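Comments concern the structure below.
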Amino acid sequence: MKTEVVTLLKYESVSIRATVYSAADTQKLNRSTILYLHGGGLIFGQRDDLPAPYIQKFIEDGHTFISIDYLLSPETKIDKIINVLKQSIFKINERYQVLDNLVLMGRSAGAYLCYLLLRGGIKAKGFISLYGYYQITLSEFTIPAPYYTHFPRVLPMSAQALIQSHPLVKGEMKNRYPIYVSGRQFGTWLGDFIPFSKTKDDFSLTDEDLGHLPPTILVHSKNDPDVPLKMSQKAAQLIPNAILISIDRDEHDFDRNVTNENLGYYDQIIELLDKRLV
């Protein structure tokens, strides 16, 4: 597997980059291009967070894998995040001609951004959502979340002090996770990324929107403490060609650590990808 880091564009003071993972053997079949967006509640994380053994499986199966930066909140609101993401994807297409063979993939908040991109006109032949969500109107996102009340309290003023005065595309856990925890503890998380002039509904997909999505593979823990399984269950019912892999775990990002069991789930994703999407 070979990697290449490319700069796509500049937004104010920050460069938006992508990492391109591809087979060392250039003669190998290129089934599709997986465009990956990381998780992190839109507040923390970075583009190359997916463990290499998972990426290697896509490469060995004949796919190109591209992970891409996106602007983080609260420094940047969701409307601008999406607009810059679209520009970045068009820049990738100028360089690699991916739009005819594109599969979007996201974990958690990254999957949410994929939903918004698909609704917003980005064409893909498939979508892989790992513990993602397509609506932010759920009560679970607007009231204090029981899971996060067990964490040490992060007062809103303490979280506010961690917000930067310039755009970011990378957020270290130690500096950024407290912002997310505070938002979930006090039920104010949505205010971190929704523009003042917009509402939750503006950034949520409807049942009708789901009916227009491409073939989709959804993966979600049955007892996810952060994003309820019902999000993916409903999506699997309403997206025309969708399949849900429900995992008997009580973790949100179940694939955080590379284990034989988790590698097996990625084998299952890739097998479905080959059968249903490519």
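Fair warning: this is a prediction, and the values are worked out from it, not measured in the lab.
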Is the distance between the ring centroids of Y112 and Y134 less than 6.0 Å?
no

Centre-to-centre under 6.0 Å for F254 and H220, is that the case here?
no

Are any side-chain N or O atoms of K77 and backbone N or O atoms of G191, one a donor and one an acceptor, separated by less than 3.5 Å?
yes

Under a 4.0 Å N-O cut-off, is there an ion pair linking E140 with K230?
yes

Looking at every non-hydrogen atom in both residues, tell me the closest pair between M1 and I59 and how far apart they are.
SD-CG1, 3.6 Å

So S73 and I78, do their side chains get closer than 4.5 Å, heavy atoms only?
no

Whether the D201 and S204 side chains hold a donor-acceptor pair (N or O, under 3.5 Å, no angle test) is what I'd like checked.
no

Show me the side-chain donor-acceptor pairs of residues 239-248 shorter than 3.5 Å, one per line, residues at least two apart or across chains.
{"unit_1": "N241", "atom_1": "OD1", "unit_2": "R276", "atom_2": "NH2", "d": "2.8"}

Name the residue from T64, I128, T33 that meets the side chain to side chain contact (heavy atoms under 4.5 Å, CB included) definition with F58.
I128

Name the orientation class of the two ring planes belonging to F151 and Y147 (parallel below 30°, tilted from 30 to 60°, perpendicular beyond 60°).
perpendicular

Between R107 and D253 (salt bridge meaning N to carboxylate O under 4.0 Å), is one present in this structure?
no

Got a salt bridge between D100 and K125, using NZ or NE/NH1/NH2 to carboxylate O under 4.0 Å?
no

With clusters built from Ile, Leu, Val, Met, Phe, Trp and Tyr whose side-chain heavy atoms come within less than 4.5 Å, directly or transitively, what are the remaining members of the cluster of L155, listed by chain and number?
F186

Has T76 got a side-chain atom pairing as donor or acceptor with I81's backbone, closer than 3.5 angstrom?
no

For R249, is there an ion pair with E251 - N to carboxylate O distance below 4.0 angstrom?
yes

Can D69 and K170 be counted as an ion pair, charged N to O under 4.0 angstrom?
no

Tell me whether I92 shares a hydrophobic cluster with I55, the cluster being built from Ile, Leu, Val, Met, Phe, Trp, Tyr side chains joined at under 4.5 Å.
no

I'd like to know whether the aromatic ring centres of Y115 and Y133 sit less than 6.0 Å apart in this structure.
no

May I ask you to say whether E75 pairs ionically with R176, meaning some side-chain N is under 4.0 Å from a carboxylate O?
yes

Can you tell whether the side chains of K198 and D79 come within less than 4.0 Å, N to carboxylate O?
no

